[in-house]
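Written out below as structure tokens is the structure these notes cover.
Note that ligands are numbered from 1 as they come in the structure, with each ligand's atoms numbered from 1 the same way.
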Amino acid sequence: MRRSVGIFGSTGSIGQNTVDLLQRQGGAEVYDVRVVTGARNIALLAEQAKTLQSDMAVTAEESLLDDLRAALSGTGIEVAAGSEALRAAAAQPLDWGMSAIVGAAGLVPTLEMARHAKTLALANKESLVCAGELLQDTCARHGCRLIPVDSEHSAIFQAMQGGSADISRILLTASGGPFRDWTLEQMREATLAQAVAHPNWDMGQRISIDSATMFNKALEVIEAQQLFDVEAGAIEVVVHPQSIIHSMIEYHDGAILAQMGAPDMRGAIGFALNWPERRDLPVDRLDFAALSRLDFAAPDEARFPALRLAKQVLEAGGLSGAVFNAAKEAALDRFITGDIGFLDMAALVEYTLDKLHLEASAANSLDGLDRVLEIDRNARRTGMDWQPA
Ligand SMILES: NC(=O)c1ccc[n+]([C@@H]2O[C@H](COP(=O)([O-])OP(=O)(O)OC[C@H]3O[C@@H](n4cnc5c(N)ncnc54)[C@H](OP(=O)(O)O)[C@@H]3O)[C@@H](O)[C@H]2O)c1
């Protein structure tokens, strides 16, 4: 029996790596691809649908439905567009679903996959940050196995295979991004091109900028707390510029387990695809003699306030994660269009968190998806209205 799969966000960086692995592991002969989804990159979406012989291709952009239909005419592949079509495509039984849409736009399809898929490979960390309890609860109620794809959380998940009890610390490694050694004055003038030029990882534009601000690491701290159910104070960020150690766990007796590998997302995606087996993956093998050294440092919260704000979110609880993520997405939109500067992004998020503090801490994601989406909209509006001093 072929394994039924769906890839949400197949045209993105994680999505393309997923398609690459599916192809290397037998493609349509082994995998019954039910759906691939994208947004603006219609040519790639159509090519992927044909290569994988997918039953269906969905674009999030309703205005591009005719383009997708034209690109797939004569193939028999069903096409659809819009957020409701994405939701409906996720509400089908799947053996394995990849959640790799970027941002809070991935939340609804991810929750549907949690209801209908046997295994949910989760790259869309925003779902956990916005609605972690709701997602975990939905997985538990529907018997869906959630496997993290973020390299750090995959590392922790892999290290925990020996047992998750008795963990005293989670050490999330961070490359430090392109501005690791920049001064605040230099960072104030940072351009979009400089912010997307990540030194180690080849990623989508938005997560690359989030790495430069360390908002990505801040999201990952919240994601780790949601996934692994540890005390907020037990999660530490360690700057590790080489990105060889993908993260570590420490036990009460002081023993530390680290997961290492080349910085290539196909390692974590392949792990989630093949779990509980391990198969040969097309990632470089480490040569420790050539590496010769691994460096570590404490993060600088003065230059990277996102990390301090993540702690604030964990302390406040409730729906603060949803506010944090939505404000961060608004900040990112405004930085990308040149409306605000690099350092303004953290100031905007801090302002939004303060403004919506009471509303966010009084609610929680188990109050339901509508509540999460409502607070997401409020936070975006507040973030868009914020003005630099
Ligand atoms: N890239 C990495 O190495 C990496 C590592 C760890 C975790 N992650 C996480 O994985 C997720 C995807 O990241 P990525 O770097 O692969 O992003 P990406 O390259 O920007 O790709 C995002 C995907 O989402 C689609 N998309 C964009 N806006 C959408 C919307 N409003 N509704 C539905 N689909 C939409 C894009 O379609 P089009 O391209 O066709 O417009 C594309 O398929 C993020 O949550 C990120 O934090 C990524």
Do the side chains of Glu84 and Arg87 get close enough for a salt bridge, i.e. N-O under 4.0 angstrom?
yes
Looking only at N/O atoms, are Arg40 and ligand 1 under 3.5 Å apart anywhere?
yes
Taking heavy atoms and a distance under 4.0 Å, where does Glu126 meet ligand 1: side chain, backbone, both or neither?
side chain
Under 3.5 Å donor-acceptor, Ser54 side chain and Ala57 backbone
no
Arg377/Glu374 salt bridge by N-O under 4.0 Å criterion:
no
Atom 21 (O) of ligand 1 sits nearest the protein heavy atom Gly12 CA, 3.1 Å
Could you check atom 19 (O) of ligand 1 against the protein and tell me its nearest heavy-atom contact, residue, atom and distance included?
Ser13 N, 2.9 Å
Among protein heavy atoms, which lies nearest atom 12 (C) of ligand 1, and at what distance?
Ala100 O, 3.3 Å
Nearest heavy atom to atom 44 (C) of ligand 1, choosing from Ile14, Ile207, Val102, belongs to Val102
Thinking salt bridges, do Asp95 and Arg3 make one under a 4.0 Å N-O criterion?
no
Determine, stepwise, if the pair Arg141 / Asp137 fulfils salt bridge (Lys or Arg N to Asp or Glu O under 4.0 Å).
CA-CA 6 Å; Arg141 277 192 290 117; Asp137 182 65; 3.1 Å; yes
So is there a nitrogen or oxygen of Gly38 less than 3.5 Å from a nitrogen or oxygen in ligand 1?
no
Under 3.5 Å: donor-acceptor pair, side chain of His142, backbone of Cys144:
no
Is the distance between the ring centroids of Phe324 and Phe215 less than 6.0 Å?
yes
Minimum non-hydrogen distance to atom 40 (O) of ligand 1, winning option of Thr11, Val129, Thr59, Leu64:
Thr11
Does any N or O of ligand 1 fall below 3.5 Å from an N or O anywhere on Asp150, backbone included?
no
Within a strict 4.5 Å, meaning less than it, do heavy atoms of the Val102 and Glu126 side chains meet?
yes
Gly204 heavy atoms within 4.0 Å reach ligand 1 at atoms 1 (N), 15 (O), 19 (O)
Counting only nitrogen or oxygen atoms and a 3.5 angstrom limit, does Gln205 reach ligand 1?
no
Salt-bridge present (Arg308, Glu301; N to O < 4.0 Å)
no
Give a yes or no on whether a salt bridge exists between Asp210 and Arg206, defined as a side-chain N under 4.0 angstrom from a carboxylate O.
no
Which of the numbered atoms in ligand 1 are under 4.0 angstrom from any heavy atom belonging to Ala123?
7 (C), 8 (N), 9 (C), 10 (O), 45 (O)
Which atoms of ligand 1 are found less than 4.0 Å from any heavy atom of Leu86?
33 (C)
Can you name the atoms of ligand 1, numbered from 1 with element, that are less than 4.0 Å from a heavy atom of Asn124?
45 (O)
Can you sort out which atoms of ligand 1 are near Ala105, meaning under 4.0 Å from one of its heavy atoms?
30 (C), 31 (N), 32 (N)
Glu152 with Lys217: basic N within carboxylate O range, under 4.0 Å:
yes
Ring centers of Phe179, Phe342 separated by less than 6.0 Å
yes
Taking atom 34 (N) of ligand 1 as the reference point, the nearest protein heavy atom with its distance:
Ile101 CG2, 3.5 Å
Could you tell me if any non-hydrogen atom of Arg206 lies under 4.0 Å from any atom of ligand 1?
no
Atom 47 (O) of ligand 1 sits nearest the protein heavy atom Lys125 CE, 3.1 Å
Counting heavy atoms under 4.0 Å, the part of Val149 that contacts ligand 1 is neither
How does Ala39 reach ligand 1, by side chain, by backbone, by both or by neither, if only non-hydrogen atoms under 4.0 Å count?
both
At under 4.0 Å between heavy atoms, is it the side chain or the backbone of Ala60 that contacts ligand 1, or both, or neither?
side chain
Mind checking whether Asn41 has an N or O less than 3.5 Å away from an N or O of ligand 1?
yes
Salt bridge check, Arg285 against Asp280: does any charged N sit closer than 4.0 Å to a carboxylate O?
yes
